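What follows is a single structure, written as structure tokens, with notes after it.
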Amino acid sequence: MTHRWACLLGQPVAHSLSPALHNAAFCSLGIDAHYEAWEVAPGALGEAILRLRAAECMGANVTAPHKRAAVGYMDEVSAEVLALGVLNTIVNQGGRLIGDNTDARGLSRWMREVEIETAGRSALVLGAGGAARAAVWALADLQAASVRVLNRTVQRAQAVVTSLQPSLKAVELSWGPLDEAARPASAVWNVVVNATSLGHHGGALDLHPSCYSRDSVAIELAYNPPETGFMVAARQAGARAENGLGMLLHQAGLAFERWTGEAAPMDVYEQAALLAAQRSAA
Ligand code: NAP
């Protein structure tokens with residue numbers, strides 16, 4: 001049988017956990033394949049995507065800054081990509097490239113697994129980039145009653161809501177400026193998702209503790225560092241706090257399933273992520 005491969009397209013990619021996760025998964029299931037990270041400048045994206053049509057290529061992951069631009073090179077896209085406007089996974093089906101977004105479904109699958117109650121509840125999403133869009137989609141998928149999107153650049157929060165509301169009809173979406181979160185809350189939020197890049201960059205987020213109750217869950221989408229100021233403040237206010245590692249592992253697992261047709265070994269991903277974290281701390 002032919003040796004197969006998959007890869008990550010992005011810039012930068014050196015920090016990515018994806019090669020460690022997928023190579024460990026191929027190895028544990030005895031799949032003759034490898035995964036590598038490709039540093040791809042914006043001007044070279046088309047050429048890189050062309051290489052994915054090769055018979056031995058299973059597909060790719062796509063990260064910043066190419067998640068939106070890559071959509072234009074696909075032969076077909078999933079309903080999530082149509083709604084979100086961005087992809088993170090490409091599947092090569094006999095030379096045809098299918099674009100998918102496993103960030104959104106990865107987040108909702110992980111939230112279900114760790115029993116974050118969302119149905120009929122209210123949620124707050126901080127940020128308006130690709131991760132925030134995925135979070136809004138996931139919360140709607142979990143049947144949240146309402147989602148409010150707050151962002152520093154308020155027009156981007158408005159754009160998230162106006163572009164997603166037509167495909168997410170059952171959830172009430174609203175938007176506002178990020179500094180609204182610093183003021184005493186008029187009602188508590190059941191789920192608060194930090195989808196700004198402040199967690200990843202170690203910046204502080206000004207969030208009033210009255211937005212939480214003891215039933216609330218705060219989700220930091222960044223996973224490096226594993227504990228952020230947003231998570232510490234949420235715990236101090238009595239809420240449960242989680243980081244974005246679960247979302248990362250599940251988006252990887254869904255991509256793996258699409259490429260190989262086999263269930264992803266989630267325990268192998270967890271071990272590989274742990275090992276990579278220990279290596280980077282050493
Ligand atoms: P992005 O598209 O660059 O969006 C960044 C967001 O952060 C924007 O809303 C931006 O606001 C806001 N922001 C940046 N600096 C800020 C500041 N100083 N003050 C207030 N807001 C600020 O990034 P993304 O791809 O959505 O990623 C966002 C986060 O999610 C990152 O931490 C990333 O690591 C994480 N993530 C995790 C996963 C996972 O699998 N766990 C997957 C994807 C992303 P403006 O619009 O005003 O600039």
Side-chain angles (χ1 to χ4, degrees), residues 8-18 20-22 61-70 80 84-89 100-111 113-114 116 124-139 148-161 163-164 175-182 192-207 218-231 241-256 264 266 269-270 272-273 276-277:
L8 171 68
L9 313 180
Q11 191 181 49
V13 291
H15 66 285
S16 175
L17 278 179
S18 296
L21 300 181
H22 292 304
N61 286 130
V62 178
T63 189
H66 304 311
K67 286 184 170 185
R68 187 173 293 277
E80 285 91 328
L84 296 165
V86 289
L87 61 72
N88 76 330
T89 298
D100 199 0
N101 190 310
T102 66
D103 278 337
R105 255 179 310 125
L107 178 57
S108 63
R109 188 159 94 162
W110 167 74
M111 286 174 71
E113 185 184 278
V114 298
I116 296 176
L124 186 63
V125 171
L126 308 168
R133 282 175 181 269
V136 173
W137 189 97
L139 289 159
R148 186 157 177 79
V149 180
L150 304 182
N151 195 45
R152 175 179 64 177
T153 310
V154 70
Q155 295 87 341
R156 289 190 76 202
Q158 181 180 16
V160 168
V161 167
S163 64
L164 288 182
W175 51 272
L178 187 61
D179 54 15
E180 182 183 303
V192 178
V193 181
N194 182 16
T196 71
S197 43
L198 279 168
H200 184 58
H201 294 123
L205 191 61
D206 200 2
L207 194 60
I219 304 172
E220 169 69 77
L221 293 190
Y223 51 86
N224 184 19
E227 179 91 350
T228 64
F230 167 79
M231 293 167 65
E242 302 280 353
N243 70 23
L245 186 63
M247 173 181 175
L248 177 85
L249 301 187
H250 279 278
Q251 65 75 28
L254 287 164
F256 184 92
M266 297 308 293
Y269 281 163
E270 272 164 37

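As the structure lists them, so they are numbered: ligands from 1, and atoms in each ligand from 1. Treat the numbers as computed from the prediction; the structure is a model and nothing was measured. Side chains are part of it too, since the values below use all heavy atoms of this structure and drop only hydrogens, waters and symmetry mates.
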Is [atom] near the protein, in the sense that some protein heavy atom lies at less than 4.0 Å from it?
{"atom": "atom 33 (C) of ligand 1", "result": "no"}
{"atom": "atom 3 (O) of ligand 1", "result": "no"}
{"atom": "atom 27 (O) of ligand 1", "result": "yes"}

Per-atom contacts, ligand 1 versus [X] - under 4.0 Å to a heavy atom:
{"X": "Leu248", "answer": "40 (O), 41 (N)"}
{"X": "His200", "answer": "32 (O)"}
{"X": "Gly127", "answer": "9 (O)"}
{"X": "Arg156", "answer": "8 (C), 45 (P), 46 (O), 48 (O)"}

Specify the protein heavy atom at minimum distance from [atom]: its residue, its atom name, and the distance to 0.1 Å.
{"atom": "atom 14 (C) of ligand 1", "result": "Ser197 OG, 3.2 Å"}
{"atom": "atom 20 (C) of ligand 1", "result": "Leu178 CD2, 3.5 Å"}
{"atom": "atom 44 (C) of ligand 1", "result": "Ala131 CB, 3.6 Å"}
{"atom": "atom 47 (O) of ligand 1", "result": "Thr153 OG1, 2.5 Å"}
{"atom": "atom 17 (C) of ligand 1", "result": "Arg152 NH1, 3.2 Å"}
{"atom": "atom 10 (C) of ligand 1", "result": "Asn151 OD1, 4.0 Å"}
{"atom": "atom 1 (P) of ligand 1", "result": "Gly129 CA, 4.1 Å"}

Can any side-chain N or O of [X] pair as donor or acceptor with the backbone N or O of [Y] at less than 3.5 Å?
{"X": "Asn61", "Y": "Leu8", "value": "no"}
{"X": "Asp100", "Y": "Thr102", "value": "no"}
{"X": "Asp206", "Y": "Ala182", "value": "no"}
{"X": "Asn101", "Y": "Val86", "value": "yes"}

Between Tyr269 and His22, is the ring centre distance below 6.0 Å?
->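 Here the rings of His22 and Tyr269 have centres that are less than 6.0 Å from each other.
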Residue selection (non-hydrogen contact nearest atom 39 (C) of ligand 1) among Met247, His201, Gln251 =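 Heavy atom nearest to atom 39 (C) of ligand 1 belongs to Met247.
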So which of Leu221, Thr196, Val86 gets nearest to atom 29 (C) of ligand 1, if we judge by its closest heavy atom?
->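 Looking at heavy atoms only, Thr196 sits closest to atom 29 (C) of ligand 1.
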Between CG of Asp103 and CD of Gln251, what distance do you get to the nearest 0.5 Å?
->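 If we round to the nearest 0.5 Å, Asp103:CG and Gln251:CD are 5.5 Å apart.
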Give, for atom NZ of Lys67 and atom CG of Leu84, the distance between the pair rounded to the nearest 0.5 Å.
->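 It is 10.0 Å, given to the nearest 0.5 Å.
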If I compare all heavy atoms of [X] with all of [Y], which pair ends up nearest, and what's the gap?
{"X": "Trp110", "Y": "His250", "value": "CB-CD2, 3.5 Å"}
{"X": "Gly106", "Y": "Leu254", "value": "N-CD1, 3.4 Å"}
{"X": "Gly176", "Y": "Val154", "value": "C-CG2, 3.5 Å"}

Answer yes or no for Gly130: is there a heavy-atom contact with ligand 1 below 4.0 Å?
->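 Yes, Gly130 has heavy atoms under 4.0 Å from ligand 1.
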Between ligand 1 and [X], is the shortest N or O to N or O distance under 3.5 Å?
{"X": "Leu198", "result": "no"}
{"X": "Ala128", "result": "yes"}
{"X": "Asp103", "result": "no"}

Short side-chain donor-acceptor distance under 3.5 Å, Arg152 and Thr196 |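 On atom types as modelled, these side chains do not qualify, holding no pair under 3.5 Å.
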